[in-house]
Amino acid sequence: MDSSPGTYALLLRCDQDMSVQIGRWGRLVTRPGYYVYVGSAFGPGGLRARVLRHWRRDKTPHWHIDYLRAITTPVLVWYSRDARRLEHRWAQALAQLPGMRPVQGFGCSDCRCAAHLFFAAKRPTLATFARVAPGDPAAWRGTTPD
């Protein structure tokens, strides 16, 4: 993964039922399973900087996802270097997947999306996501940041 701008989906594993305060957003009760968070990285450092920040545990919480990340384990990230901002369209696509449930209002305080965080009891795959998501699936990657 390099510092190109783009859109990403962070796949997190949650191993236990917990309750966590998400800044001023409120409390989130987690369940064992997988959470997928979609975002964009069009600022300085691009995808690499943003994803590496999400990957770290030792940081001051800034975004909603930072609070959830403190109690989950990152598995991998799906990303696209497409110059278009696809995060809102990816959020809509995730909402269409069977077994994927939106966490209403999470991570989308600055847009009209219902959610930018989704929960699935079973691990979702990039291939399944690619069937419904906009963009060029041939250009997408699934990786862990190095």
Side-chain angles (χ1 to χ4, degrees), residues 1-3 5-82 85-135 137 140-146:
M1 177 177 291
D2 60 23
S3 59
T7 302
Y8 64 91
L10 183 65
L11 182 63
L12 304 169
R13 188 184 73 239
C14 183
D15 295 326
Q16 58 187 322
D17 293 308
M18 290 191 75
S19 178
V20 62
Q21 181 67 35
I22 307 292
R24 287 181 259 138
W25 180 79
R27 291 204 78 72
L28 175 65
V29 177
T30 64
R31 298 181 31 212
Y34 293 88
Y35 288 87
V36 181
Y37 174 76
V38 294
S40 60
F42 286 88
L47 287 162
R48 181 171 174 73
R50 180 63 55 88
V51 171
L52 283 174
R53 184 184 194 288
H54 290 324
W55 219 258
R56 288 191 344 251
R57 278 190 187 241
D58 61 331
K59 61 183 171 271
T60 301
H62 177 73
W63 292 291
H64 291 162
I65 191 61
D66 294 336
Y67 296 92
L68 178 61
R69 172 60 193 93
I71 63 163
T72 58
T73 302
V75 175
L76 57 83
V77 61
W78 303 329
Y79 67 94
S80 168
R81 293 185 193 112
D82 194 309
R85 293 179 178 267
L86 297 172
E87 83 181 275
H88 308 297
R89 293 166 58 193
W90 281 18
Q92 293 170 352
L94 283 167
Q96 295 173 29
L97 291 177
M100 192 71 69
R101 294 196 326 250
V103 177
Q104 294 296 321
F106 191 105
C108 58
S109 58
D110 61 347
C111 69
R112 295 183 184 156
C113 295
H116 278 203
L117 180 71
F118 299 83
F119 172 79
K122 295 182 179 179
R123 182 174 169 163
T125 67
L126 179 57
T128 301
F129 175 63
R131 283 189 287 240
V132 297
W140 298 351
R141 302 289 179 260
T143 190
T144 56
D146 297 320

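Numbering of residues begins at 1 and proceeds along the displayed sequence. Computed over heavy atoms, backbone and side chain alike; hydrogens, waters and symmetry mates excluded.
- Rounded to the nearest 0.5 Å, atoms CZ (Phe119) and CE (Met100) are 10.0 Å apart.
- Sorted by first then second residue, the side-chain hydrogen bond (donor to acceptor under 3.5 Å, both in side chains) pairs that include residues 65-76, not counting sequence neighbours, are Arg53-Asp66.
- The CZ atom of Arg48 lies 12.0 Å from the CH2 atom of Trp55; values are rounded to the nearest 0.5 Å.
- Here the closest non-hydrogen pair linking His116 and Cys113 is NE2-SG, 3.3 Å.
- When all heavy atoms of Ala49 and Pro44 are compared, the pair lying nearest together is CB-O, 4.0 Å.
- Rounded to the nearest 0.5 Å, atoms CG (Leu76) and CG (Leu10) are 8.5 Å apart.
- A heavy-atom distance below 4.5 Å is not found between the side chains of Asp15 and Pro32.
- Rounding to the nearest 0.5 Å gives a distance of 13.5 Å between CZ of Arg85 and CH2 of Trp90.
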Practice item. Give the C-alpha distance, both sets of side-chain angles, the deciding distance and a yes or no for side chain to side chain contact (heavy atoms under 4.5 Å, CB included) between Ile65 and Leu12. Key: CA-CA 10 Å; Ile65 191 61; Leu12 304 169; 3.8 Å; yes
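- Looking at residues two or more places apart in sequence or on another chain, you find a side-chain contact (heavy atoms from CB on, under 4.5 Å) between Tyr34 and Leu11, Arg13, Val75, Arg123, Pro124.
- Checking Tyr8 against His54 by side-chain atom types alone, a donor-acceptor pair falls below 3.5 Å.
- Between Phe42 and Pro5, the shortest heavy-atom distance links the atoms CD2-CB, 3.5 Å.
- Across all non-hydrogen atoms, the minimal contact from Leu126 to Trp78 is N-CZ2, 3.4 Å.
- Of all heavy-atom pairs spanning Thr7 and Leu86, the tightest one is OG1-N, 3.2 Å.
- In plain terms, the two heavy atoms of Val103 and Ala115 that are nearest each other are O-CB, 3.2 Å.
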Donor-acceptor pairs under 3.5 Å, side chain of residues 22-30 to any protein atom, not counting sequence neighbours: which ones?
unit_1	atom_1	unit_2	atom_2	d
Trp25	NE1	Gly105	O	3.0
Arg27	NE	Ser19	OG	2.9
Arg27	NH1	Gln21	OE1	3.3
Arg27	NH2	Ser19	O	3.2
Arg27	NH2	Ser19	OG	3.3
Thr30	OG1	Gln16	O	3.3
Thr30	OG1	Met18	N	3.2
Thr30	OG1	Met18	O	3.4

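- Considering CZ of Arg81 and OG of Ser3, their distance stands at 9.5 Å, rounded to 0.5 Å.
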